Amino acid sequence: MDGLPQRGCKTVHRGVFRVPQSFDYIVVGGGSAGCVLANRLSADGRYQVCLLEAGPDDRNPLIHMPLGVVPLVRGWFANWRFWSEPQPQLGGRRTYQPRGKVLGGCSSINATVCTRGHRWDYDHWSELGCSGWSYDEVLPYFRKSENYEAPLAERDRPFHGQGGPLNVTARRYTNPVSSAMVEAAVQAGHVHNEDFNGAAQAGAGQFKVFQKGGQRCSNARAYLTPEVRARRNLHILTGAQATRVLIENGRAIGVKLRRGGRDEELRAQREVILSAGAFQSPQLLMLSGIGPKAELQKHGIAVQQDLPGVGENLQDHLEVIVETQAKSRAGISYHPTSLLKSIVALFQYLFGKRGMLTSNGPEAGGFLKSSPAEPIPDLQWHFGPFPNVTHGFNLVPMFLRYGYIAYLYDLRPLSRGRVGLHSADPLAPPRIDPNYLAEPRDVDKLVAGVKLTREVLKQRALDPHRGEELSPGPAVQSDADIAAWVRKAAETTYHPVGTCKMGVDEMAVVDPQLRVRGVQGLRVVDASIMPTLIGANTNAPTTMIAEKAAEMILRS
Ligand SMILES: Cc1cc2nc3c(=O)[nH]c(=O)nc-3n(C[C@H](O)[C@H](O)[C@H](O)COP(=O)(O)OP(=O)(O)OC[C@H]3O[C@@H](n4cnc5c(N)ncnc54)[C@H](O)[C@@H]3O)c2cc1C
């Protein structure tokens, strides 16, 4: 192997550099989890660690500018741009499934909202048999990952960390429409919440974000600092797509990969760790002969380990967007009347990392109950001070008008989908079938949520901004009509999990130490191991999982 110099790998910093063929640990996927592992496993210098990332280094300036999220989601670059199978309960629509293809993975293209979920979510994992994963047991890892910069109330202090790699802060910029939406939620009877990750989750407020100095703080920025990248025992290969885990006598011994159009093999003396995300970790397991026997045989893949749970148990947050036209010009828009504001914003960002371009998009939001009988919040809002741009695919509304949107999603849907293979070709996309809204109760939650959202949007705090409701629109009022609209309009909130679930039952893919069942020297560490979807955004929980896993790996 000649270790051709690649943009973003250590060769850039070190001149001529040959990639060793053998490491202690090979981490596949330099996303949210993979960046944490690369840092922690290489920290004390004892082990040779290789991080493989299919995408490029995170050099594009749009990645670092928080409002760059709009083009990033649409995915002109740094994005796998997957599509789901047609969804029967969504009128046969295929849904767009963006995933980061760049160092930092989805943390380099996400909306930087930092929420963790409810205590109940982790206690529930523990009740399912995942010992070591109760809230009290995972809290230290949330804290370890975090450098919390925002002011803290005394009661929230025990929940936060200072000095960790991942910067969590209040934004430098908040649009007045986002503030008005929070005020409207309070007028509708929701409590104001300054810290969704503190003592209480319920209520509405401004999100804290993964940002530092007005720029995105992705997991790559946080965990792969220049000092970390310079470690002699850490080898970061970008543009390197793993195509198979090499298995010998029931043990993972390395990885086959495609880099620069060529196939290579790398050996792992201790472990191979898959951190390729909720769609591609199960795909890679199946390509390696680990998965449901029938699925493997269908594609002519030799079975190494029959594990029926691989790819199953796919869960995702499905959102609908209640959109209102704004009569004020306070929101974020590309309308000609906002030209001057946009030019000022560009200068503010370029010369001070301040202003509108440091907005993360969904600036505010909250957690609410679909009915007072619910013991904990079961719905989440994101509030955005701009028109609906449908994953960035339809920017026209941004040029035509001002508007504001309330995204709403069910935190713990009952529907379960699956990830499978289209073919045995490792470069083909995985077959993604989220099976959204298969459970009628999931539709009911969204219908209840739309009604609660409308209650908020009619409050007086929004009087200066409120124009016509554009979607679902004033004609959609009955539960049946709202349900029909939900099926027409719902889209992913980008939180797929569960496809390599941790557990102790026959459908578990990994045990509570995240070791793949029946194969030695192989773990999965990423969002795919969540047995159930947590009630919040998924980046902080994935980071926590990787922090905890790193400790387990180093102790084993
Ligand atoms: C558009 C968008 C917005 C989001 N907004 C938020 C938000 O605001 N807040 C929040 O908390 N969460 C958000 N999320 C979700 C959150 O970012 C993800 O849940 C989290 O990043 C998942 O981390 P991961 O490590 O499991 O996977 P990823 O971060 O996806 O990492 C997987 C990595 O593996 C690489 N890879 C895949 N296959 C291979 C292979 N065969 N060989 C080598 N490399 C491979 C990928 O390129 C990728 O870099 C958002 C996600 C998206 C897509």
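Values reported hereafter were calculated over all heavy atoms of this structure, with side chains retained and with hydrogens, waters and symmetry mates removed. Atoms within each ligand, like the ligands themselves, are counted from 1 in listed order. Since this is a predicted model, take the numbers as computed values, not measurements.
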Closest by any non-hydrogen atom to [atom]: pick that one out of [options].
atom: atom 43 (C) of ligand 1; options: Gly75, Pro362, Ala240; result: Ala240
atom: atom 32 (C) of ligand 1; options: Ala78, Gly105, Ser275; result: Ser275
atom: atom 12 (N) of ligand 1; options: Val36, Val524, Asn539, Leu237; result: Asn539
atom: atom 38 (N) of ligand 1; options: Gln241, Gln280, Arg258; result: Gln280

Applying side-chain hydrogen bond (donor to acceptor under 3.5 Å, both in side chains) to Thr492 and not counting sequence neighbours gives Asp316
Find all atoms of ligand 1 within a distance of less than 4.0 Å from any non-hydrogen atom belonging to [X], and give their numbers and elements.
X: Gly31; value: 29 (O), 31 (O), 33 (C), 49 (O)
X: Trp80; value: 37 (C), 46 (C), 47 (O)
X: Asp526; value: 25 (O), 26 (O)
X: Gly277; value: 26 (O), 27 (O), 32 (C)
X: Val73; value: 1 (C)
X: Thr542; value: 23 (O), 24 (P), 25 (O), 26 (O)
X: Leu52; value: 43 (C), 44 (N)
X: Pro98; value: 53 (C)

Can you tell me which residue and heavy atom of the protein come closest to [atom], and the distance to 0.1 Å?
atom: atom 52 (C) of ligand 1; result: Tyr494 CB, 3.3 Å
atom: atom 7 (C) of ligand 1; result: Val113 N, 3.6 Å
atom: atom 34 (O) of ligand 1; result: Gly29 CA, 3.2 Å
atom: atom 40 (C) of ligand 1; result: Ala242 N, 3.7 Å
atom: atom 18 (C) of ligand 1; result: Thr538 OG1, 3.7 Å
atom: atom 17 (O) of ligand 1; result: Asn110 ND2, 3.1 Å
atom: atom 10 (C) of ligand 1; result: Asn537 CB, 3.3 Å
atom: atom 49 (O) of ligand 1; result: Glu53 OE1, 2.6 Å

Heavy-atom closest pair, residues [X] and [Y]:
X: Asn79; Y: Val73; result: ND2-O, 3.1 Å
X: Pro430; Y: Phe82; result: CD-CE2, 3.5 Å
X: Ala278; Y: Val419; result: O-CG2, 4.1 Å
X: Leu67; Y: Pro71; result: O-CD, 4.2 Å
X: Tyr122; Y: His118; result: CD1-O, 3.6 Å

Check this for me - ligand 1, [X], N or O atoms closer than 3.5 angstrom, yes or no?
X: Val28; value: no
X: Ala527; value: yes
X: Cys106; value: yes
X: Thr493; value: no
X: Ala33; value: yes
X: Gly100; value: yes
X: Thr112; value: yes
X: Ala111; value: yes
X: Thr115; value: no
X: Ser32; value: yes

So CD of Glu363 and OG1 of Thr358: to nearest 0.5 Å the spacing works out to 8.5 Å
The reported gap from CD in Gln211 to CZ in Arg216 (rounded to nearest 0.5 angstrom) is 8.5 Å
Scan side-chain atoms only and decide if [X] and [Y] contain a donor-acceptor pair under the 3.5 Å cut-off.
X: Ser107; Y: Asn539; value: no
X: Glu491; Y: Tyr436; value: no
X: Arg171; Y: Thr174; value: yes
X: Gln87; Y: Asp433; value: yes
X: Ser415; Y: Asp442; value: yes
X: Glu149; Y: Asn147; value: no
X: Asn537; Y: His317; value: no
X: Gln97; Y: Thr95; value: yes

Closer than 4.0 angstrom: is that true for some heavy atom of [X] and an atom of ligand 1?
X: Phe279; answer: no
X: Ser107; answer: yes
X: Ala546; answer: no
X: Val102; answer: yes

Ring pair (Phe, Tyr, Trp, His ring centres under 6.0 Å) test vs His382 passes for just one of Tyr494, Phe207, Phe367, namely Phe207
* Asked: Relative to Phe142, does Lys144 satisfy both conditions: NZ or CZ under 6.0 angstrom from the six-membered ring centre, and within 45 degrees of the ring's axis?
  -> no
Residue pairs meeting salt bridge (charged side-chain N to carboxylate O under 4.0 Å, His left out), one or both in residues 523-539, sequence neighbours left out, come to Glu271-Arg523
